[in-house]
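Please read the structure below before turning to the comments.
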Amino acid sequence: MKEILLAKDGEIALKGLNRSTFEDILIRNIRRRLKPVGKFSFSRAQSTIYITPEDEDIDLDEACERLKKVFGIAAFCRVAVLPKEFAAIREGAKEYLYDTLKEAKTFKVNAKRSDKQFPMSSPEIMRELGGYLLSQFPHLKVDVHDPDVTVTVEIREAAAYLYAKKIPGAGGMPVGSSGDALLLLSGGIDSPVAGYMMAKRGIRISAIHFVSPPYTSDRARQKVETLCEELTPYCGKISFFCVPFTKIQEAIKQHCPEELFTIIMRRLMMEIAQRIAEKNDMSALITGESVAQVASQTLRAMVCTDAVCRIPVFRPVIGMDKAEIVAISQKIGTFETSILPYDDCCTVFSPKHPKTRPQLDAVEKAQAQFDFEPLIAEAVENTEIKGIRPDF
Ligand code: ATP
Ligand code: MG
């Protein structure tokens, strides 16, 4: 029996005149994600994208797994395509849903008829198909309120579509529909989650990571690249910027008061990140900061970091508890990598007693003790760029 996938738009469906632009981006993203699985063709109608396999032996289970991670899809279904004749729909339902109905105790039939030429009304289809399935699966009972299985028939322009399972999609907006931002990606738990959350709002993510060899190891950098790879099923291709940060950290250690070390380091990270963002047409920065989690994430500390920022800084996990962030990182599959025990440059030279209530003017004064500009320019200049693609 011929099967296709129907993906239902999420929020895109609410967009007025721009809707087709959003749908174009969504289809492009789906096409890329499904390419390794085989050849598909795409069409759309009524807030639904029709995804039709063009090769014989396409693994639709694999296609469904991939679709679950594409932002912009509210839900999708794997459906049987049937001729628009009731006898064919009836027999098709029995055959296609045989195992599902055998295992169920209760069911109901739901019909949607967008093709008004079809001779039966929706209530008639529901009644007739329900009666037929009851006669074929006598153990079943009808339960219209909380059935084990809802058999849905959609009579649309080209054909009738039949399914019993609606699979929740990733929601959100298609990546690439909301502009570009640069994610400050450490090896920790929070920043990959922050990137995932902003990608869900349609932002295309690039990642920037600061390394301080020999204080931080190559494995620590590799870990962050792995985190990028783990984000690609959701975010698509990620440009990875790796900034050599050793000289700057050594200069801070040498020239600034120890208690302000972290806050000055974070201001310099932000400065470098936004220069790279500006150079590459990215409109915002993203961090994994959460209020009060560590000394550099108090409100006062954030005032001091934000003071150097000319572009918006998004902190999507700002109001979340660690446990909530961990739950998302486990769901999206970055947790196991995040907890690998390699040093981040933040932990190198980290002061014993960081100031939790730094004053902006004092921080600015301390930072002004040394001219960081040449080192900043050098770090930007020597930043390595690498494209990390989904692992096809
Ligand atoms: P995470 O779990 O994301 O590492 P964290 O709780 O460990 O966060 P910090 O180490 O204070 O917090 O870092 C706060 C934020 O600064 C991170 O979420 C990340 O966005 C950014 N950041 C920290 N270290 C780096 C780094 N080496 N490279 C790039 N960004 C970093
Ligand atoms: Mg960290």
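In what follows, residues are counted from 1 in the order of the sequence shown. Ligands are counted one by one from 1 in listed order, and the atoms in each one are counted from 1 as well.
Considering backbone and side-chain atoms together, T287 places no N or O closer than 3.5 Å to any N or O of ligand 1. For ligand 1, one of its N or O atoms has an N or O atom of S191 under 3.5 Å away. Taking distance alone, with nitrogen or oxygen atoms compared against 3.5 Å, L184 approaches ligand 1 more closely than that limit. For ligand 1, one of its N or O atoms has an N or O atom of F210 under 3.5 Å away. Considering backbone and side-chain atoms together, I286 places no N or O closer than 3.5 Å to any N or O of ligand 1.
Checked against the 6.0 Å centroid criterion, the rings of F107 and F137 do not qualify as a close aromatic pair. In summary, the aromatic rings of F372 and F370 are positioned with their centroids under 6.0 Å apart. Aromatic pair F86/F118: centroids not less than 6.0 angstrom apart. Here F71 and Y196 bring their ring centres to under 6.0 angstrom of each other.
For ligand 1, the atoms lying closer than 4.0 Å to a non-hydrogen atom of I189 are 2 (O). Ligand-side atoms of ligand 1 in range of M269: 24 (N), 25 (C), 26 (C), range being under 4.0 angstrom from any heavy atom. Proximity to G188 (heavy-atom distance under 4.0 Å) selects the following atoms of ligand 1: 1 (P), 2 (O), 4 (O). Heavy-atom contacts of H209 reach the following atoms of ligand 1: 26 (C), 27 (N), 28 (N), 29 (C) (cutoff under 4.0 Å).
For atom 2 (O) of ligand 1, the candidate residues are T262, D190, L183; the nearest heavy-atom contact is made by D190. The closest heavy-atom contact to atom 16 (O) of ligand 1, among the options M270, R266, E289, comes from R266. The heavy atom nearest to atom 1 (P) of ligand 1, considering only S186, A220, G288, is found in S186.
One N or O on the side chain of K84 and one on the backbone of R156 form a donor-acceptor pair closer than 3.5 Å. With hydrogens and angles disregarded, a donor-acceptor distance shorter than 3.5 Å links the side chain of Q274 to the backbone of V308. In terms of modelled atom types and a separation under 3.5 Å, the side chain of D143 and the main chain of D146 share a donor-acceptor contact.
The proximity of I208 to ligand 1, defined as any non-hydrogen pair under 4.0 Å, is limited to the backbone.
For the side-chain hydrogen bond (donor to acceptor under 3.5 Å, both in side chains) with T337, the qualifying choice from E229, E225, E230 is E230, the only one to do so.
Between the side chains of R315 and S290, no donor N or O sits under 3.5 Å from an acceptor N or O.
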